[in-house]
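Have a look at the structure below before the remarks.
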Amino acid sequence: MISLQDMIKEALGNNIIKIEDNKGYIDVVVPLEKLKESAIKVKQLGFDHVKSVTAVDYIQKKQFMVTYHISSYLNEELSRHVLGLSTFIDRDNPHIPSLATIWTSAEFQEREVYEFFGIIFDGHPDLRLLLLTPVVAALKPLRKDFVVKEDSINIEVDYAAYNATKWW
Amino acid sequence: MGSDNKEKKEERLNLLYGDLDTVAKMAKESLIKGKIAKMVDWATSFSLWPVHLMTSCCGCEIGAAWGPRFDNERFGSLPWVSPRQTNLIIVEGTITKKMACTLRIVWEQMPYPKFAIAMGSCALDGGIFYNSYNIVRPWQVIPIDIYIPGCPPRPEAVARSIIELQKMLKNKSLASKWILESKREDKKYIIPKEDLCGWRGEKVDLTTRYD
Amino acid sequence: MEAGTASSGSGIHLPGMEIAKASKNRYEVMIGPAHPGSGHMRIFVEVDGDIMVKVDPDIGFVHRTMEKLAEGREWIQNIPLFERIAILDACNITLPYVRAVEKLLGIEAPERARYLRTLLCEINRVASHLYGMGIFGVFLGHSTLYMWAFGDREVFIDLAERLTGARLTHTYPVFGGVRRDIPDDFPEDARKATRYMRKRLNEYAKIFLNNPNIRSRLENVGVLTKNQAAELGLVGPNIRASGIRYDVRLNEPYEAYGDVDFEIPVFEEGDSLARAWARVEEVRQSLNIIDQVVTWLEKHPRENFMHEKFWKTAPKLYKDVYEGKISYSPKYRIKLMPIFASLKVPPGKSFARVEAGRGEIVYYVESNGDIFPYRVRVVSPSFRNVIAFKYVMPGHRLMDLPAIYGSFDYFPPAFDR
Amino acid sequence: MNPCYYACYIVYKVIVYDIIFYPPVYQFLIIPGLITAIIIAIFIIWFERKAAAYVQMRYGPWEIAPKIGGATQLLADLTRYAMQEIITPQTVDTLQYLLAPIVMVVLALLPLEAVPLTSVKPYFPIPSGYSLLVAVAFTTLSPLFITMMGWASNNKFSITGSVRESFMITSYELISVLGLLTAAAMTRSYDLVKIVNLQMSGKWLGLINPIALFVVFIAVLMSTSGFPFEIPESESELVAGPFTEYSGLLYGLNMGGAYIRRWVFSILITLVFLGGWAPYRPTPGVITGYLIPSLIVSLKAVVIMGIMSFLRSVYGRYRLDQALGIAWEILIPLALLAFGIGLAEAYFGII
């Protein structure tokens, strides 16, 4: 029984920039241009669905990290593990090949990342807004340079307007 | 005195000829004098049908409040499907910017006399999501009669709000007042409809019935 | 329903959300967001005659921006925040967050805490399944099932309330353990509840699942094969109804699930009826687990339910009350240890998954060593189930929409977060 | 004789004989017409809610009148509906939109003009040898206006609902007509009085030919969208079907209209299958010849309506194609079978 890490190493070869055992999942970092190729290879191993598509904004490094957490349903041995397929993309020009054509389960999650971060998934079959209104989505709310106020005293509440709505 | 009598005579004549305005006025006057006004308030207070408008997580407790244990149907209140046949909105928690338009449209679709209960601290002032970038205070969208604090409020609190609304209806005779005045005194909404519904991109009909 | 605007013609156009204009003999129906058959979401349905051709779920009507808010709040404050994802399943929903942070902290809850968490998780699972079944009943016009399920749900909400003090928002699991221990007479009540529920489940089957009228609505409707379910990445009872034997409790046992004895009901049919049955059978298994956990808790002496690192900072009164030196009185407010307020979590990335009532819930937590999380990513079960509407519904009749929608036990706030 | 007394007597006679007990007025407006129908609708809807509540482990309407179990609940609902604003959306066809519910209710009551409620000749509303045929023909009129409502509302849900309604019309009408006319075949008469008189001996047609009764019962459920055939107004995908846009009094009329139709059908079933005013034998006189038999018929009809209402708490709703399948594949053969059985029974002289 070879370990999962070796299996991945064997399958992806020198596509891997870094492979590490994070808490709860095995993280494989691949370069952006090799992402689709690696995804196809990983799927052939038996990883059949995407659990989550995550983007993290590293504003200081001017990078986004996009991680696909993938696992398996049909292969019981693989279903005990979660594999993270990560890649780093440029923050100013956020384009990434879409994996929704490989894993259908990524379709809605990529749409969500698109509207929250403004990351454009090239080749996505149906890249539209999902949760937000266009006005809010334009803020790209999950980026780190969008800051919500956390001080409850300074929250603007127009109580004069509130009084004006009392009726009868 | 003499001119008064003349007017009264004219009114009666109008009744014969069929001046509908006068007839409506006289009918309204008889409403004030008679017991019909009280009857209307009584009937409305025991027939507060909330519209099915699930807005957020307090919906769980709404389900429980009309479930067997708390059974708000005891107060004659029956959750109903279509806004046209109901007279109560229960705002169940947070209103997001996407939902606000729907809330206003549903409110406008309901026939008068109608009432609104804001349930949960999110509906009061944002609650735990007070600094979220995607929420709207419900009182900015529709006029609210009663607030229920709590996150989420217990079903007993929902029942209490129905009882309080019944009391309010009877004491202030809200329902019959609408029939008499045929419009609400204050029809202002804080956020205009074009702001709420503008994102939908469709042509919003801004001339509501009350302008 | 939006009847006022619904009549304004074919296909409305949302900027950024354009959908294809309906062709001539097709008809577009908007189910939601204020529609008795939708809950808090909208479904654009394109109908050809009576057959649904294209289904496009439009969601986000309950999006309360939790992932963003979590980045500005302390680690412990985020537990009640994430509870609001699906407050009817609060313990299951927050547990993976707690576990992910525990992984970063490098601690593990003591054994008693693990059993207590399992107990509340299973109570929540039963309540959540009953909620789903009730909504399913009302979708099919069967109001009696709705009332029964909501009435029996109260039994389990009561149990949870006795355990935690709150009907829905328990905030029970915290880092390193749980908030408090069970009351002394809890096991007896729990056994009574499970006995009652087992009896009721048979009655549910009699009036709902074996009702010929309901069976004819559900059989061979919304069929998902094993491979399709895996491809769409669905979760929870929905995949187990399609023949996939996947349950986080089984595949990656967490808390006390490795020690208790239970089965995972798996069905092969993959239709709406199988999904409904999967829930009923799962409730039965949960009742078994509750019984086992309660017995374990009774047999084992009271010991620590909080990790030593946090317990030693607890106020003296709190310890005294718990250890029985002072008898409990309502005037004592049980507070969390002050250490939680300024908790700093070591930098790192962690990932945790838990089988919630509606299916697997996944958290990705990233810390940079601050008192706030750097990034929290939540993927709730409904988030992964919603894709099914787009691919399963086309080809069915319009009247099948509630039958399919209800069978997936979809809960919009859980999607929107 | 005191002239005043004489005048009073004349007025009394006119009121009682020429107005109240004048059959077209009495049957259309009093028993079993409008007033009774409204009272029955109030009672039955309350009963429906209470029965459902009983099955569902709760109280149902209560606080409004705790001593009588909240029986005045529907009074409050009706008053509220009557006093609420009537919204006419801009997009509707105003005339049809306003007229359709009113015409629907009036036409729903029309069959009562044809059914005799007593065997005493002066109290027949329309003395006719074909009263069964006329009544059945009248029952088919009002559903057309439900279709019209949906069309006039100009709302997608309404139109879909009215299309479903018209599907249902085509399927249930044949069944109900076949089922009701089985009685005509068995008794060799279209006259309801004759049909009831034949059942006086205790041989109710419903007992002799239960299949016909069952078929008609299901057809009535389909026609008045009772569970499990509540398809045109199925709330979980079409908000309220054809009635979606209606508010205030007009919706009250719609809601009442369905119950009035159910009431009319119940009276027809009572007369045809359940022996009408049997075992009571009407004798000449207003009270004994008209009031009492009509009350007996009403009582029996109320029982039928109660059974129909109770089904709500047991069944969900069928899909449209399933309901149509049940109608065309099961009920119509059953109706034909019932017709055949009826003919055979008539031939062998059982009836």
Side-chain angles (χ1 to χ4, degrees), chain B residues 31 35-49 51-53 65-88 106 108-114 159 162-163 166 169 175-180 182-184 205 207-210, chain D residues 45-46 48-50 52-66 69-91 153 155 157-158 161 233-252 254-255:
Chain B
L31 250 179
K35 289 190 173 173
I36 302 173
K38 264 191 179 171
M39 170 93 175
V40 171
D41 289 329
W42 167 83
T44 311
S45 71
F46 278 107
S47 175
L48 291 166
W49 288 17
V51 63
H52 180 108
L53 177 73
W66 270 267
R69 186 171 173 196
F70 300 99
D71 191 22
N72 280 2
E73 207 190 333
R74 282 177 300 151
F75 308 110
S77 164
L78 186 71
W80 198 249
V81 289
S82 166
R84 294 272 191 230
Q85 291 115 35
T86 49
N87 58 355
L88 174 65
V106 171
E108 282 174 357
Q109 280 174 352
M110 280 163 46
Y112 277 112
K114 54 189 173 185
I162 300 254
I163 294 169
Q166 286 181 341
L169 255 164
S176 55
K177 214 167 177 173
W178 173 76
I179 298 172
L180 295 177
S182 74
K183 63 176 180 186
R184 248 173 46 202
D205 185 12
T207 54
T208 53
R209 292 172 295 129
Y210 310 105
Chain D
I45 298 175
W46 171 78
E48 196 171 322
R49 282 168 75 170
K50 287 299 259 193
Y54 178 76
V55 175
Q56 294 161 357
M57 316 184 290
R58 51 195 185 92
Y59 282 112
W62 180 263
E63 293 288 330
I64 189 165
T72 48
Q73 176 59 47
L74 260 289
L75 215 59
D77 284 344
L78 274 186
T79 317
R80 196 260 291 174
Y81 268 135
M83 290 297 175
Q84 239 178 349
E85 185 186 9
I86 296 175
I87 297 175
T88 320
Q90 288 172 356
T91 47
S153 294
N155 176 315
F157 299 118
S158 301
E233 294 111 69
S234 63
E235 68 201 19
S236 50
E237 69 271 358
L238 311 175
V239 179
F243 315 133
T244 307
E245 291 284 8
Y246 282 92
S247 60
L249 190 59
L250 288 180
Y251 182 73
N254 282 329
M255 207 162 97

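Every chain is numbered from 1, with letters handed out A, B, ... down the list of sequences. Quantities reported herein were computed from a predicted structural model and do not represent experimental measurements.
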Working to the nearest 0.5 angstrom, can you tell me the gap between [X] [atom1] and [Y] [atom2]?
X: L75(D); Y: F46(B); atom1: CG; atom2: CZ; result: 12.5 Å
X: M39(B); Y: M83(D); atom1: CE; atom2: CE; result: 8.0 Å
X: R69(B); Y: M57(D); atom1: CZ; atom2: CE; result: 11.5 Å
X: S47(B); Y: Q84(D); atom1: OG; atom2: CD; result: 7.5 Å

Which atom of [X] lies closest to which atom of [Y], heavy atoms considered:
X: T244(D); Y: S82(B); value: O-OG, 3.4 Å
X: V239(D); Y: V81(B); value: O-CG2, 3.3 Å
X: R80(D); Y: A43(B); value: N-CB, 4.0 Å

Against chain D, label T86(B) side chain, backbone, both or neither, depending on which of its atoms sit under 4.5 Å from a heavy atom there.
->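 Backbone of T86(B) only, per the 4.5 Å heavy-atom cut-off to chain D.
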Side chain / backbone / both / neither for N72(B) at chain D, heavy atoms under 4.5 Å |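 For N72(B), no heavy atom lies under 4.5 Å from chain D.
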When only pairs under 4.5 Å are counted, which of A53(D), G70(D), S247(D) shares the most heavy-atom pairs with chain B?
-> S247(D)
Looking at Y251(D), W62(D), F243(D), Y81(D), which has the largest count of heavy-atom pairs under 4.5 Å with chain B?
->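 Highest number of heavy-atom pairs under 4.5 Å: Y251(D).
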Can you tell which part of Y59(D) gets under 4.5 Å to a heavy atom of chain B, answering side chain, backbone, both or neither?
->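 Its backbone and side chain both get close to chain B.
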Who pairs with F70(B) by ring pair (Phe, Tyr, Trp, His ring centres under 6.0 Å), at least two apart in sequence or on another chain?
->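 With sequence neighbours excluded, F70(B) shows a ring pair (Phe, Tyr, Trp, His ring centres under 6.0 Å) to no residue whatsoever.
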Could you check if a side-chain atom of P89(D) sits within less than 4.5 angstrom of a side-chain atom of R84(B), using non-hydrogen atoms only?
->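 P89(D) reaches R84(B) side chain to side chain.
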Side-chain donor/acceptor of Q85(B) to backbone N/O of A240(D), under 3.5 Å | no
R58(D) side chain vs D71(B) backbone, donor-acceptor pair below 3.5 Å =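 Pair absent, no side-chain N/O of R58(D) close to backbone of D71(B).
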Any residue meeting side chain to side chain contact (heavy atoms under 4.5 Å, CB included) with R49(D), in chain and number order, not counting sequence neighbours | W49(B), E73(B), L78(B), I45(D), P61(D), Q73(D), L74(D), D77(D)
